[in-house]
Amino acid sequence: MVFENIKKRLGLVAKDLDLSDKELNLLLNHKRVSSAELDVNGKKYSAWRIVHNNSLGPGKGGIRYHPNVSEEEVKALSFWMSLKNSLAGLPYGGGKGGIKVNPKELDEKEIETLSRAYVKAFSDVLGQDIDIPAPDVYTNPQIMAFMLDEFEKIKGKHEPGMITGKPIELQGIKLREDATSAGGFIVLKELLKTIGKSNVTVAVQGFGNAGMFVAKMLFAEGNKVVAVSDSKGGIFDNKGLNVDEVVKVKKEKRTVVEHVSEKISNEQLLELDVDVLVLAALENQITEKNADNIKAKYVLELANGPVTFEADQILHKKDIVVIPDILANSGGVTASYFEWCQNRTGNILDENYLKEKLEFMMKSAFNKVYDLFNKSDFDMRQAAYIIAIKRILNAEKLRGNLN
Ligand code: NAD
């Protein structure tokens, strides 16, 4: 279903940019699809590493551990990475990986074995100049560390730039941990600035890496976060939640629903009457079934693909502004790029300098998209896709691949 959404959106872009069949086919197809069956104590897990496009540079994108991972999903996620990296002005193509597994059913040792097996299976198609993974849903810096170690053992040399989102001790950077949220927060504030609004009410779906940090940032600046949720359900407080307390509960009890506040379902959270709805869980959360009930005025997509093609049309008609995933969550890969630069050059850059650079890059990506959005009938996603796709196709043309 996710790739179907992409095809429909690409149809619109093809019309607006008057794309040739060759150009459209290039965008619809993937440059490299690698798959494997991984073995952990006799149990088999399907795994993929896929590069959608590499005209701007090596593949770049996270690895997801989730029971719903499929080849189609990884293809969609790698497509979005191509566009995200292009829009952010990074020297990367788009890649993504995944393992079809419920990591909650594995112990720590099994997760390590699975992560090492992944690198063994794909070591020929990974590398700092080939394709560079990072964390995504249910993967983390420790998993990146196991993967780096396995890769370096296979290759017999150090190559920290083969993976990002690493622990600091293994040449990661501090900025990476909350960079996705920081980037999303920067673009949200830029949008609110254009309409002269500050101090908003917010609901956040998904309280993992992306959702938790953005909720903390919004709370710290005096916004009212009235609801948050995770896979077990949501909590609500009309007067605003104390997000720092919710974080404590999540860390201790592993879910936000153990917090004392009123319980709500994830479906109810999406339909709350708030200024800003932050989507930070998974794909296909707003569909044609619930799009009409959305009351938020702004939607920030920290997750990839949380709004379907049909839902996009409904929200646009209702004048709800969606800050699209390829813009809203590109802070993570931008910080990954800083980490990769440091790993490759050995040059350690000051954290404050990197924070400023992240802010500058997020704002310039936002301004490019907002300018086109503002002077056209496009929704923000169409504007972002047009800018990103033009850069990729220009690179392909210069390489002579579209003659
Ligand atoms: P994570 O594993 O840290 O957190 C995911 C969260 O979503 C968890 O709290 C989980 O309980 C919750 N969740 C799962 N199913 C849910 C449901 N049905 N309803 C509500 N909550 C649900 O993952 P993450 O890194 O925060 O990623 C979240 C999204 O952000 C994904 O779409 C991911 O691709 C995207 N993203 C993350 C990064 C990053 O740097 N972390 C970068 C770009 C995009």
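Whatever order the structure lists them in is the order used to number ligands and atoms, beginning at 1. Because only heavy atoms are used, hydrogens play no part in the values below, and waters and symmetry mates are left out as well, while side chains stay in. Counting begins at 1 with the first residue of the sequence.
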**Study point:** Polar side chain donor-acceptor pair, K224 to N199, under 3.5 angstrom
**Key:** no
Check your understanding: Are side-chain N/O atoms of T164 and K60 paired as donor and acceptor at under 3.5 Å?
Key -> yes
Exercise for review: Please report the C-alpha distance between S46 and E37 in whole Å, then the side-chain angles of each, then the deciding distance to 0.1 Å, and finally whether the side-chain hydrogen bond (donor to acceptor under 3.5 Å, both in side chains) criterion is met.
Suggested key: CA-CA 5 Å; S46 303; E37 286 288 301; 2.9 Å; yes
Exercise for review: Mark yes or no for whether E301, through its side chain, and D325, through its backbone, hold a donor-acceptor pair below 3.5 Å.
Suggested key: yes
Review point. Under the 3.5 angstrom rule, does the side chain of N223 hit a backbone N or O of V200 as a donor-acceptor pair?
Key: yes
Check your understanding: Centre of F185's six-membered ring, under 6.0 Å away, within 45 degrees of the axis: is that where NZ or CZ of K189 sits?
Key -> yes
Study note, to complete from the structure: Residues with a heavy atom under 4.0 Å from ligand 1, by chain and number, are R64, D136, V137, Y138, R176, T180, Q205, G206, F207, G208, N209, A210, S229, D230, S231, K250, N266, A280, A281, L282, L302, A303, N304, N329
